[in-house]
Amino acid sequence: MVSNLINPDKRFLEILDRLRDKSIDDYYNPYRLFKWPEILPDDMWWMSPELTTTYGTSVAERLTEQQLHALSKFESINFYSLNVHGIRELLIEVTRRIHTKGFETPSEFFHHFIGEENEHMWFFAEFCLRYGKKIYRQPSGAGMEMPKPEVETLLVFVRILIFEELVDHFNSRMATDDRLHDTVRAINRIHHQDESRHIAFGRELVTVLFADVRRTSTEQELAGLADYLRRYLTYSFESLFNPHVYRDAGLADPLAVREELLVSPTRAEFERSVFRKTSKFLEKIGIIP
Amino acid sequence: MAVTGSIDEVRDWILRRHPERQTIDAEENLIQTRLVDSLTFVELVYVVESTTGVEIDFDNIDIQNFQTLATIEKAFFITA
């Protein structure tokens, strides 16, 4: 089905070839690429401060710089943990489809995608386990709803795209932030480099998948899809606000901290900046109004 | 293991998210009625954790324990 949508699209086929060639040309050995110091200093910014969930909020005003540094460490471990879980979920979905009927055309690119994502998951997990001694868990409750089969593939690849674009917002900034340690910058830089290809592919695929779904859906079904995606964007953004992070950083009543941050005046602008490009793309193709 | 809160706090949290509702029966299925769905499930778990003061093992969550307020209460609030 997906192959049938891609095959007549000469531009998409050329993009697939180009992304595959770029994956081959840029191939690297992640297991040898990074320097992993025994320890990273606690008293430093582990994330760009502007990207932490407390930036510009009343919560940050109550904390010392040392506490903010500690919080940035646990927030960074949460961020890389989200990467680990997000990658595992997308690997499951792409692996379920590779070399099955309907996915013949993108299967070669899927090999590069799966290989690269596996490597990303390794270096993010490595960072978490080395410097945070843990990977934050996520309750598994997602997937309780069964979407209509014809929109299931679309939903899978939109969710992957939203996840990749969210993460890339952080990666692209932290890759060049000279306040951060070299190791932190390096993993963000490499991930940003690979994700640029995956996002390019994801946008093309989501565009053709949605065009097909739009042809075969009612207005009501499309409105339901748009509503779900808006909620999914919010859900993804709010996953950055993990009460276990606030607990580990020594803040009292971590769930109340999370709730205070989620209603903070700075939240709306933070969310807009994270999803600025993503929302623009989703609106452009018409999947959200 | 001592828990600190009550199931009423969980009920109140769900009601705050659903202003169209005045009450939730203890046996009402939260997932089938969409009072809780895949996008709000994680928050429900955080609320149960925060209310009970007991950390939940996220890797071994039994979804059956989250079907109704009664099953949540039995699994997380009533201690032997």
Side-chain angles (χ1 to χ4, degrees), chain A residues 53 78 81-82 84-86 88-89 93 125 134-147 152 155-156 158-159 162-163 224-248 251-263, chain B residues 1-20 24 28-69 71-77:
Chain A
T53 59
N78 182 55
S81 299
L82 290 173
V84 170
H85 299 307
R88 188 184 54 249
E89 297 303 319
E93 296 296 347
K134 67 156 96 176
I135 296 172
Y136 284 106
R137 304 294 173 193
Q138 276 193 314
S140 53
M144 286 187 286
E145 296 107 18
M146 294 298 287
E152 186 188 352
L155 278 179
V156 162
V158 180
R159 282 196 296 254
I162 289 171
F163 163 71
L225 179 61
D227 180 57
Y228 171 81
L229 288 179
R230 285 210 179 278
R231 292 185 62 230
Y232 188 77
L233 286 163
T234 301
Y235 161 82
S236 303
F237 175 74
E238 292 185 350
S239 65
L240 296 165
F241 300 71
N242 184 341
H244 294 178
V245 163
Y246 308 130
R247 176 199 64 197
D248 291 345
L251 306 190
D253 201 348
L255 192 62
V257 170
R258 179 181 199 263
E259 286 168 0
E260 181 178 345
L261 293 172
L262 289 178
V263 298
Chain B
M1 195 185 324
V3 297
T4 54
S6 102
I7 191 68
D8 291 338
E9 293 175 60
V10 179
R11 179 186 282 109
D12 291 346
W13 175 81
I14 298 172
L15 286 172
R16 279 200 302 279
R17 300 188 66 95
H18 292 276
E20 75 282 5
I24 304 170
E28 183 169 356
N29 192 300
L30 304 173
I31 292 164
Q32 284 172 8
T33 55
R34 309 294 292 268
L35 288 167
V36 174
D37 66 11
S38 62
L39 301 184
T40 50
F41 182 74
V42 61
E43 286 190 78
L44 173 66
V45 176
Y46 288 150
V47 169
V48 172
E49 258 196 345
S50 176
T51 310
T52 59
V54 176
E55 189 163 346
I56 293 171
D57 179 358
F58 285 6
D59 284 341
N60 289 302
I61 282 180
D62 182 351
I63 197 76
Q64 294 307 319
N65 290 336
F66 289 89
Q67 298 289 323
T68 67
L69 287 169
T71 59
I72 293 173
E73 184 171 35
K74 187 177 171 201
F76 301 103
F77 287 83

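Just so we're on the same page: letters track the sequence lines, and every chain starts at 1.
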inquiry  = Take a 6.0 Å sphere around NZ of K74(B) and say whether it holds more than 12 heavy atoms from other residues, nucleotides or ligands.
reply    = no
task = Can you tell which part of V45(B) gets under 4.5 Å to a heavy atom of chain A, answering side chain, backbone, both or neither?
result = side chain
key: Straight-line distance of I56(B) CD1 to R137(A) CZ, nearest 0.5 Å   = 15.5 Å
query = Rounded to the nearest 0.5 Å, what separation is found between the CZ atom of R247(A) and the CD atom of E55(B)?
reply = 4.5 Å
message = Under the criterion ring-ring contact (aromatic ring centres under 6.0 Å, His included), I'd like the reasoning laid out for H244(A) against F58(B): C-alpha separation, chi angles, the key distance, then a yes or no.
response = CA-CA 12 Å; H244(A) 294 178; F58(B) 285 6; 5.2 Å; yes
inquiry  = Heavy-atom cut-off 4.5 Å, strictly under: side chain, backbone, both or neither for E238(A) against chain B?
reply    = side chain
R231(A) vs D37(B) side-chain heavy atoms within contact, under 4.5 Å = yes
message = Using every non-hydrogen atom in the two residues, find where L39(B) and Y235(A) come nearest and quote the distance to one decimal.
response = O-CD1, 3.2 Å
task = Give a yes or no on whether a salt bridge exists between R258(A) and E43(B), defined as a side-chain N under 4.0 angstrom from a carboxylate O.
result = yes
